[in-house]
A.B. asks: 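Quick one: this structure, given as structure tokens, is what I'll be asking you about.
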Amino acid sequence: MDMLIDGKLIEKRETIEIKNPANNEIIDTVPQGNREDVKNAINAANKAAKIVKDIPSRVISENLYQIYEELSKNADDFAKLISLDCGKPIKDSMGEVERSKQTILLAAEEAKRIYGETIPMDACSGGENVIGYTTKVPLGVIGAITPFNYPLNLVIHKVAPAIAAKNTVVLKPSIKAPLVALKLAEIMNAYLESGTINVVPGFGSEVGDEIVKSDFVNKVSFTGSIKTGLNISKNAGMKKLTLELGGNDPLIVLDDADIEKAVEAALIGSYLNAGQVCIGVKRIILDKRIADEFTDKFVRATKKLKVGDPLDFKTDIGPLIDENAAIMVEKIVDKTLNEGAELLCGGKRNGSFYTPTVIDNVNSKMEMVQEETFGPIAPLIHVNGFEEAIEVANDTKYGLQASIFTNNINNALKAAKEIDAGGVVINKQSTYRTDNMPFGGCKMSGMGKEGIKYAVEDMTKTKLVVINQPGKNS
Ligand code: NAP
């Protein structure tokens, strides 16, 4: 596939091979973008921004609806490409495409709802006979940098609100799974002013770094690891920043919980996309009184999951993004077992595949639960009652989302108040997101919110207009 700059598809002699994580076969190549390509893309985006800012929002909205139609027509192709590009089981890839369609629709709707407000200037002395109002104006060029794990929907979560707010975009998708973004951009380009969307595949240390440091990019919207996020915040200078970073979400099960439902939720939360989800359940905190019952049911359900070919509809768990990622998971599991935890099932690596794994007797000091483990691992931590559960849930530098299972309304509400996270989910896994809700973590999990309305807000600036009216006191 080619890169897209100024409305044109561009080939390059230097290319990068893109491999299917399931079997390591080369599925395609992409041009290896460099700093010069990024500068060209930013120039094109800046040129287009001067035109796009004056396009009526009705037209922008219609264009986004057309892109939605096109994505819908190509849904099966996109789902297959997601599975080939990042190893996601096909049924989950289809789910990602469905969500992506909704995300575009939300942006098409939001494009027509970008309001300013009137200011009661006369509430302050000196404000008599003065009219004040605000408008929301585009920022200009948005730099979008995305990870591998949701290569369609997370790209749309940046590109669609940017376009809805009349900005232009330079996108760097993850080099581990860039094909989906390139295919999407080709479709979008057909309905947008040339230069509105530009995509430069390549390495983060070069392509991403150039976007972040450019004086001609007005905002960087980044999703990825804490390590890269910190680097970006050091290098971005006076730009607006949204950082959607890693998570270490707890799922608490209290002694009054519906255990069947908690097990179901923990299965989704721990193993969706082979555990490579920012809001994946990464720690299961069990009240001692129900720990045995939960563990027995959860281990039995885990053993039934089918690991295999991502293109097979029966597959529940595909490979990790590459063999290195699986080796990292293997190492952290071995370390945790050496520290005294107990393996209840799984714990086997085969190339880039890792079996779903339950580990008991984990404590919150262990690296496995202090750092984010991006794999199909469910560590169980035992606690004595509500207060200790909340203490353990908060004992981390992360604060993306959290979940609690309880039938006691007081405990549910107290948990919602006490857990320090961007979102607290009651009686459902933390791995829950609708694409319109405000989404984004606190602590080291990031800053800023996505969710179309919130992203649009963050991709505009507020401009104040003051009119001095001729009158008695003017
Ligand atoms: P990553 O390694 O941080 O990479 C993310 C993106 O940043 C990639 O496109 C990468 O380029 C680029 N990058 C790397 N170094 C850079 C630099 N110096 N300057 C600018 N860009 C640079 O993350 P990942 O492994 O792809 O994704 C997994 C992480 O993302 C996990 O921590 C997960 O929790 C987090 N995540 C968070 C959310 C959320 O919404 N909070 C959602 C999904 C994932 P390359 O192509 O070279 O890798």
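Just follow the structure's listing: the first ligand is 1, and inside any ligand the first atom is 1.
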A.B. asks: Check contact between G446 and ligand 1, using heavy atoms of the residue and a distance below 4.0 angstrom.
C.D. replies: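 Flag not set, G446 not near ligand 1.
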A.B. asks: Below 4.0 angstrom, N of the basic side chain to O of the carboxylate: do K12 and D2 qualify?
C.D. replies: no
A.B. asks: At less than 4.0 angstrom from any non-hydrogen atom of S174, what atoms of ligand 1 do you find?
C.D. replies: 9 (O), 46 (O)
A.B. asks: What is the closest protein heavy atom to atom 6 (C) of ligand 1, and at what distance does it sit?
C.D. replies: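 Protein heavy atom at minimum distance: T146 O, 3.5 Å.
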A.B. asks: Could you list the atoms of ligand 1 found under 4.0 angstrom from a heavy atom of G208?
C.D. replies: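 By the 4.0 Å cutoff, the relevant atoms are 19 (N), 20 (C), 21 (N).
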A.B. asks: May I ask whether F439 has any heavy atom positioned less than 4.0 angstrom from an atom of ligand 1?
C.D. replies: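 Judged by the 4.0 Å heavy-atom criterion, F439 does count as contacting ligand 1.
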A.B. asks: Could you state the interatomic distance from OG1 (T373) to CD1 (I332), rounded to the nearest 0.5 Å?
C.D. replies: 5.0 Å
A.B. asks: Drop me the distance from S214's OG to D209's CG, to the nearest 0.5 angstrom.
C.D. replies: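 Reported to 0.5 Å precision, the distance equals 11.0 Å.
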A.B. asks: For N149, take its heavy atoms, then give the atoms of ligand 1 lying under 4.0 Å from any of them.
C.D. replies: 43 (C), 44 (C)
A.B. asks: Is the cationic atom of R349 (NZ for Lys, CZ for Arg) positioned less than 6.0 Å from the six-membered ring centroid of Y354 and within 45 degrees of its normal?
C.D. replies: no
A.B. asks: N/O of K282 under 3.5 Å from N/O of ligand 1, yes or no?
C.D. replies: no
A.B. asks: Are K19 and D322 close enough for a salt bridge, meaning some N to O gap below 4.0 Å?
C.D. replies: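 Not counted as a salt bridge, because no side-chain N and carboxylate O are separated by less than 4.0 Å.
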A.B. asks: Determine the sole option in D360, T295, N363 for which the side chain to side chain donor-acceptor pair (under 3.5 Å) test with H382 is passed.
C.D. replies: D360
A.B. asks: One thing to verify: whether D435 and R99 come together as a salt bridge, which I'm taking to mean a side-chain N less than 4.0 angstrom from a carboxylate O.
C.D. replies: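 A salt bridge links R99 with D435.
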A.B. asks: Under 4.0 Å, heavy-atom basis, I'd like to know which part of L245 is in contact with ligand 1: side chain, backbone, both or neither.
C.D. replies: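 Looking at L245 and ligand 1, just backbone atoms fall under 4.0 Å.
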A.B. asks: Starting from atom 39 (C) of ligand 1, find the nearest protein heavy-atom neighbour and note its residue, name and distance.
C.D. replies: C278 SG, 3.3 Å
A.B. asks: Using a strict cut-off of 4.0 Å, indicate which atoms of ligand 1 neighbour a heavy atom of N231.
C.D. replies: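 Every atom of ligand 1 under 4.0 Å from some heavy atom of N231: 18 (N).
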A.B. asks: Output yes when the distance from some N or O of ligand 1 to some N or O of S225 is under 3.5 Å, and no in every other case.
C.D. replies: yes
A.B. asks: For atom 27 (O) of ligand 1, what is the nearest protein heavy atom, given as residue, atom name and distance?
C.D. replies: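 Atom 27 (O) of ligand 1 sits closest to the protein heavy atom P147 CB, 3.3 Å.
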A.B. asks: Using a 4.0 Å cut-off to any heavy atom of I175, which atoms of ligand 1 qualify?
C.D. replies: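 Once the distances to I175 are compared, the set is 46 (O).
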A.B. asks: Identify the closest protein heavy atom to atom 15 (N) of ligand 1: which residue and atom is it, and at what distance?
C.D. replies: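 Looking only at protein heavy atoms, the one closest to atom 15 (N) of ligand 1 is T228 CG2, 3.4 Å.
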A.B. asks: Under 3.5 Å, is there a donor-acceptor pair linking the side chains of Y68 and Q102?
C.D. replies: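 Checked: Y68/Q102 side chains show no N/O donor-acceptor pair below 3.5 Å.
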A.B. asks: Show the atoms of ligand 1 that are less than 4.0 angstrom away from any heavy atom in F203.
C.D. replies: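 Once the distances to F203 are compared, the set is 47 (O).
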A.B. asks: Between S221 and K158, does any side-chain donor sit less than 3.5 Å from a side-chain acceptor?
C.D. replies: yes
A.B. asks: How does E372 reach ligand 1, if at all, at less than 4.0 Å between non-hydrogen atoms: by side chain, backbone, both, or neither?
C.D. replies: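 The answer is the side chain of E372.
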A.B. asks: Specify the protein heavy atom at minimum distance from atom 25 (O) of ligand 1: its residue, its atom name, and the distance to 0.1 Å.
C.D. replies: F148 CE2, 3.5 Å
A.B. asks: Looking at atom 47 (O) of ligand 1, what's its closest protein heavy atom, distance included?
C.D. replies: G204 N, 2.8 Å
A.B. asks: Hey, is ligand 1 close enough to F374 that some N/O pair sits below 3.5 Å?
C.D. replies: no
A.B. asks: Does K136 come within less than 4.0 Å of E457, counting only side-chain N to carboxylate O?
C.D. replies: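 A salt bridge links K136 with E457.
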A.B. asks: Hey, which atoms in ligand 1 end up nearer than 4.0 Å to a heavy atom of I145?
C.D. replies: 6 (C), 7 (O), 9 (O), 12 (C), 20 (C), 21 (N)
A.B. asks: Could you label the plane-to-plane angle of the Y271 and F298 rings as parallel, tilted or perpendicular, counting under 30° as parallel and over 60° as perpendicular?
C.D. replies: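 Judged by the thresholds at 30° and 60°, the geometry between Y271 and F298 is parallel.
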A.B. asks: Any salt bridge linking K172 with E210? Criterion: basic side-chain nitrogen under 4.0 Å from a carboxylate oxygen.
C.D. replies: no
A.B. asks: In the protein, what heavy atom is nearest to atom 35 (C) of ligand 1, and what distance, to one decimal place, separates them?
C.D. replies: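 The closest heavy atom on the protein side is G224 O, 3.2 Å.
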A.B. asks: Could you check whether K453 pairs with E110 (Lys NZ or Arg NE/NH1/NH2 to Asp/Glu carboxylate O, under 4.0 Å)?
C.D. replies: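 Salt bridge flag = no for E110 with K453.
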A.B. asks: To the nearest 0.1 Å, how far is atom 7 (O) of ligand 1 from its closest protein heavy atom, and which atom is that?
C.D. replies: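 The answer is F222 CE1, 3.2 Å.
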A.B. asks: Would you mind running through ligand 1 and noting each atom that sits below 4.0 Å from a heavy atom of E244?
C.D. replies: 37 (C), 38 (C), 39 (C), 40 (O), 41 (N)
A.B. asks: Is any NZ, NE, NH1 or NH2 atom of the basic residue among K282 and E372 found under 4.0 Å from an Asp or Glu carboxylate oxygen of the other?
C.D. replies: yes
